[in-house]
Structures are given as C-alpha cells and as structure tokens.
Amino acid sequence: MNTTFATDYADDMPHTEGTGVRVVKRIVKGIIVLSFAGVVLILVSNWWVVYNTRQQTYFDIHKLPANDVGLVLGTSKFVRSGKENLFFRYRMEATARLWKEGKVKYLVLSGNNDSEYYNEPADMQRALEKMGVPASVMTLDYAGYRTFDSVVRCKEVFNQEKITIISQNFHNTRALFIGNHEGMEAVAFAAQDVPDGYSLRTLIREYLARPYAIMDVYLLRPTVETSNWRVGK
C-alpha cells in the first residue's frame, strides 16, 4: 500500500472524536452557566421578598398592631410518618394566643381540602376549639390550595384588606409579598419556629417558592377561585 496515499487519506478524514468532545464541553459549560444563573436568581428572589417585607413581620406579640381579622395559613396536621406536624401545632398555638390577647377578633382559616380525607381548615378549627377559641369567630376557606390563593381570596372573597397573617416567619414573608402587590394592608405574626433540621425539605421548598411568587404577581397572575361555594362547607 502507498504510504503517502494512506497518510493523505487519514488527513482528509473528519475529526469526529475531536468535534464530539468539543460539543460535550459546550453542553457541560452551558449547564454550568444555566445552573449558576438559576442559583443566583433564586438567591436574589429570596432576598427581594424578604427585604420588601422585613418591616411587616412581628415576633413580639406586644408590639404587634391589632387587626380585626387574622388570616391563618394552612398546613397538614401530621407529617408523612404520621407524627404530629410541629408547624401546625405552633401555628395554632400562636393563633389562639393572638385571639386571647385581643390582637385579632375573627379568623379566616385558609387551607387545602382536596378530598374528604384531607381537610386543613377543619383540622385547624378543631385544634383551635380545643384551645378555647369559639367556632363563631372562625370562617373556613376550603380553597386555599396555595398561599397565593389564600391571600387573594381573603381580599376578593372575604372582602378583607387589612389583616394579620399567621404562620411561621419563612412563610409569612411570601404571603406578605403577595398581599402587598394585591394592595392589602397586612402585617404578620411569626409563630414559633421548629427546631433546626426538623424539616429541611420545607425550607428548600420555600426558597424555591419565593421566585415562583414573584412570577405569580408580576407575570403569571394565576386564576384564583373567587366564588364562595366552598365557604362554610
């Protein structure tokens, strides 16, 4: 075989392996850049939500302004393992205390009721009744599927624009942010937080939910059920 011809033929062959490597490197770089941009977006979004609501959250009940209506944001009574959910327990304790101290007169209990076996508003009502809060001061909102729904419905269905939001601090900031962009005059009381490491999944979910809240108020404007057919179910 003519070695000169073989060499020339090899030089004319496309460098497929080199091209493939370059493509893979570009894809990897693209993924890294997008991941970095995503992390920055999440961090900036969280900072923005917290910064814009920092003066509306109260930890000291004596400094909390009184309002007629408290909006209690729902959560499950039990965790997946079947144990008591401390987020729920502390939230109900804070709600009962606010009512007994006269910081709120009436309560809107807003949560998810997607089946006959899962009813956050009813669970909250039963827990609060056991703590001495009468059912007569509670209105149950069964269509609080998301925090966005709970806040918007409080204004559009229950006609409340001046409210006290009751949940844990990390949750309150997002609810306040939504309320501010709905033109509501809201403050929030921070219920006792859970021990460090109790629910890392919940905290991660909240970090991701805040950018979503920004998209909700500025871009998506999701449709919220505004009829009252579920009220008082």
Side-chain angles (χ1 to χ4, degrees), residues 49 53 56-57 67-79 85 87-96 98-99 104-129 133 135 137-191 199 202 205-206 208-210 212-217 220-233:
V49 171
T53 59
Q56 295 169 259
T57 298
N67 277 325
D68 285 342
V69 176
L71 171 63
V72 189
L73 301 177
T75 187
S76 57
K77 186 176 181 180
F78 303 102
V79 297
N85 182 359
F87 287 112
F88 179 91
R89 175 177 145 190
Y90 296 155
R91 206 171 295 181
M92 296 307 103
E93 290 176 349
T95 301
L98 290 183
W99 182 82
V104 292
K105 297 177 181 177
Y106 304 98
L107 300 168
V108 175
L109 311 181
S110 183
N112 194 354
N113 173 212
D114 57 8
S115 77
E116 60 180 310
Y117 305 106
Y118 187 78
N119 193 328
E120 290 178 354
D123 286 340
M124 288 192 283
Q125 182 182 32
R126 284 190 289 267
L128 289 170
E129 285 182 309
V133 182
V137 304
M138 296 184 245
T139 298
L140 276 61
D141 175 16
Y142 298 96
Y145 305 115
R146 300 170 50 214
T147 302
F148 186 87
D149 298 303
S150 295
V151 175
V152 173
R153 281 176 56 80
C154 191
K155 179 183 179 181
E156 297 188 5
V157 176
F158 301 103
N159 302 313
Q160 301 300 320
E161 296 189 8
K162 187 176 181 181
I163 61 172
T164 298
I165 298 170
I166 307 168
S167 186
Q168 274 71 26
N169 179 46
F170 71 88
H171 192 189
N172 284 338
T173 55
R174 179 159 52 98
L176 286 168
F177 183 82
I178 295 168
N180 289 346
H181 286 80
E182 293 301 313
M184 301 174 76
E185 187 178 344
V187 294
F189 182 72
S199 182
T202 299
R205 184 174 61 187
E206 185 62 30
L208 297 176
R210 288 171 183 168
Y212 198 14
I214 293 175
M215 289 192 293
D216 277 344
V217 299
L220 302 179
R221 297 302 307 173
T223 302
V224 174
E225 182 181 309
T226 55
S227 63
N228 65 353
W229 69 276
R230 296 180 69 90
V231 178
K233 177 179 175 183

Quick check: are there more than 12 heavy atoms from other residues, nucleotides or ligands sitting under 6.0 Å from [atom1] of [X]?
X: Tyr212; atom1: OH; result: no
X: Tyr90; atom1: OH; result: yes
X: Glu129; atom1: CD; result: yes

What is the distance from atom [atom1] of [X] to atom [atom2] of [Y], rounded to the nearest 0.5 Å?
X: Leu107; Y: Trp99; atom1: CG; atom2: CH2; result: 9.0 Å
X: Thr75; Y: Met92; atom1: OG1; atom2: CE; result: 8.5 Å
X: Arg205; Y: Phe170; atom1: CZ; atom2: CZ; result: 8.0 Å
X: Ser110; Y: Asp149; atom1: OG; atom2: CG; result: 8.0 Å
X: Thr147; Y: Leu73; atom1: OG1; atom2: CG; result: 5.5 Å
X: Cys154; Y: Glu182; atom1: SG; atom2: CD; result: 11.0 Å

Problem set entry | Step-by-step side chain to side chain contact (heavy atoms under 4.5 Å, CB included) determination, Glu161 to Glu185 | CA-CA 6 Å; Glu161 296 189 8; Glu185 187 178 344; 6.0 Å; no
How close do [X] and [Y] get, counting heavy atoms only, and between which atoms?
X: Gly70; Y: Ile166; value: CA-CD1, 4.4 Å
X: Asn85; Y: Ser76; value: ND2-O, 2.8 Å
X: Val137; Y: Lys105; value: CB-O, 3.5 Å
X: Phe189; Y: Asn172; value: O-ND2, 3.0 Å
X: Gln125; Y: Ala135; value: NE2-CB, 3.5 Å
X: Val157; Y: Glu225; value: CG2-O, 4.2 Å

Any side-chain heavy-atom pair from [X] and [Y] closer than 4.5 angstrom?
X: Phe88; Y: Glu120; value: no
X: Gln160; Y: Leu71; value: no
X: Met138; Y: Val72; value: no
X: Val133; Y: Thr95; value: no

Seminar exercise, completed: From the list Leu220, Val49, Ile178, side-chain contact (heavy atoms from CB on, under 4.5 Å) with Ile214 holds only for Val49
Problem set entry | Option among Leu128, Asp123, Thr139, Asp141 that satisfies the side-chain contact (heavy atoms from CB on, under 4.5 Å) test with Leu109 | Leu128
Exercise. Going through the checks in order, is the side chain to side chain contact (heavy atoms under 4.5 Å, CB included) test met by His171 and Arg91?
Worked result: CA-CA 11 Å; His171 192 189; Arg91 206 171 295 181; 3.8 Å; yes
Exercise. Judged by atom type as modelled, is there a donor-acceptor pair below 3.5 Å linking the side chain of Asn113 to the main-chain atoms of Ser115?
Worked result: yes
For this session: Pick out which of His181, Arg221, Arg146 makes a side-chain hydrogen bond (donor to acceptor under 3.5 Å, both in side chains) with Asp216.
Result: Arg146
